[in-house]
Protein chains: 2
Amino acid sequence: MASEDRRAREKVEVQERILNAARELFVSQGFDAVSMRKIADAIEYTPAALYVHFKDKHELMQEMCRRDFGALTRETLKLSVVKCPIARIYLCGAGYIRFGIEHKNHYRMMFMTPHPPELLPTDEDRKKMNDPDQDGYAFFRHAVREAIDQGKFRPEYTDAEAVTQTFWAGVHGVTAIEITHCSDPWLALAPLAARIELILDVLLRGMLADPAELDQMKAALRKGGML
Amino acid sequence: MASEDRRAREKVEVQERILNAARELFVSQGFDAVSMRKIADAIEYTPAALYVHFKDKHELMQEMCRRDFGALTRETLKLSVVKCPIARIYLCGAGYIRFGIEHKNHYRMMFMTPHPPELLPTDEDRKKMNDPDQDGYAFFRHAVREAIDQGKFRPEYTDAEAVTQTFWAGVHGVTAIEITHCSDPWLALAPLAARIELILDVLLRGMLADPAELDQMKAALRKGGML
DNA sequence: ATCTTTTAATGAACACCGTTAGTCTACCAC
DNA sequence: GTGGTAGACTAACGGTGTTCATTAAAAGAT
């Protein structure tokens, strides 16, 4: 059945052309600027044809973001070479913010827009979600757990999940504010770089049993050219 | 010209009925659920009539949110009775998050949606914006400045604007994550109360010259029944 | 009391949007 | 060849924000 393979290949190719057309509109103008009709026009198809390949607009956009966000995961996982969990946490946070700001609309879609609660994760998804070698969140939480186990954090901070989510909240806050308010004339934002360093320093120092360790870690990172 | 006054009163009354109808749809179902036609139906007017009173849908929604957010400002300003700037900062943050979560859609509209950059603040606005007795942000920044002047923060933290925005980023992060992801099956969020306390503790402790002061302050607040 | 100006509200339309039902057609397995 | 399948198409439905010419009524001026 070579022809069957070919048909499958063709199908995938069409889907990819759809997703690429969608991406082009999306990155430059955001979700609302992507209309099924515009996508269809771009690839010289009829709007209805898109529904052969995707359930609806939301699923289409989600699929596109999902693929593109593999890049964030891959970039994050690269940090497994960093031995010290504190340094790993710091670099994860910095990378996360940077990525979000370089992909504003993707970030908005993934982390600032509620997803329909109908799409539940499969068992396979659940497995991935908890594997630090496959999932960025799990990777980060693993670093937190290591730090806790090594007694790096204050003794009252034993809940890795809560600590992870608090750190996430901090970096998400900086990212989200930059995305939504960077050109808001009602607000005079301090330089982004300063805000990034501040939030990372403050969060980590506030969690560390020995706050001085932050500066040692940063000095070491600078020495290694990783900061 | 008594009749002129009456006409003005009537106009204001219609505007208010529009805003109230809009609010009702908005709080329960969000921005997208509010359509000009639905609002018009609710007050038994024609859709076009709304454009006599408001430039467009966005301005209408913005005006509604603006009014409702007076409540946040008023609630924040109440904290001027708290003498210690550190405690004031802490309570501001807690109140901010609480308010955001009790008014999810309003918060989303005000702080998670970019505003059209065409509407510049007037000179009067600019005056208000910098008056701690009228503006919540200025009030908060003033507390930060006090804390800095009193030597409460680490010596390298001298930029009140940056510190304010970093603290804001933290509380915004918690609020925004709760709003967008509270019913996300892909995420197991720690209890909200725990995340609130954690972020406030961590942020403040990370900034304080003497981290132990956080616990003293919290103890004092608990004694006074303010926490 | 009549005439003019102003203004809120209307009806009808425009240009979009996401989505669907029914149809056509090219290909595949038999 | 025949029947079935699946991708693409045409046409439409019901919705959206918004505009514009027109009405009707009230206000002000003479």
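Lettering of chains follows the sequences in order, A, B, ..., and the numbering in each one begins at 1. Note that the structure is predicted; figures quoted are calculated from it, not measured.
When rounded to the nearest whole Å, the span between CG of B:Asp32 and P of D:dT16 equals 11 Å. If you take CD of B:Glu44 and P of C:dA9, they are 13 Å apart, rounded to a whole angstrom. Between the CZ atom of A:Arg17 and the P atom of D:dG7 there is a distance of 14 Å, rounded to whole Å. In this entry the distance linking CG of A:Leu60 with C1' of C:dT19 reads 13 Å, nearest Å. What separates OH of A:Tyr51 from C1' of D:dA12 is a distance of 14 Å, to the nearest Å. Remark: P of C:dT20 and NE2 of A:His53 are 16 Å apart, rounded to the nearest angstrom.
Side-chain rings of A:Phe99 and A:Tyr107 stay apart, their centers remaining 6.0 Å or farther from each other. No close placement of the A:Phe140 and A:Tyr96 rings is indicated, their centers lying 6.0 Å or farther apart.
Mapping A:Ala49 and B:Ala33 onto DNA chain D by nearest heavy atom places A:Ala49 closer to the 5' end of the strand.
Between the side chain of B:Arg37 and the base of D:dG15, no donor-acceptor pair under 3.5 Å is found.
Here salt bridge (charged side-chain N to carboxylate O under 4.0 Å, His left out) pairs that include residues 128-137 of chain A, with residues two or more places apart or in two chains, number zero.
Looking at A:Arg23 and A:Asn20, their side chains do bring a donor and an acceptor atom within 3.5 Å of each other.
Taking only side-chain nitrogens and oxygens, A:Thr46 comes nearer than 4.0 Å to OP1 or OP2 of D:dT10. In this structure, B:Lys11 does not reach the C:dT7 phosphate: none of its side-chain N or O atoms is under 4.0 Å from OP1 or OP2.
With C:dC17, D:dG17, C:dA8 as the candidates, the nucleotide lying closest to the side chain of B:Val52 is C:dA8.
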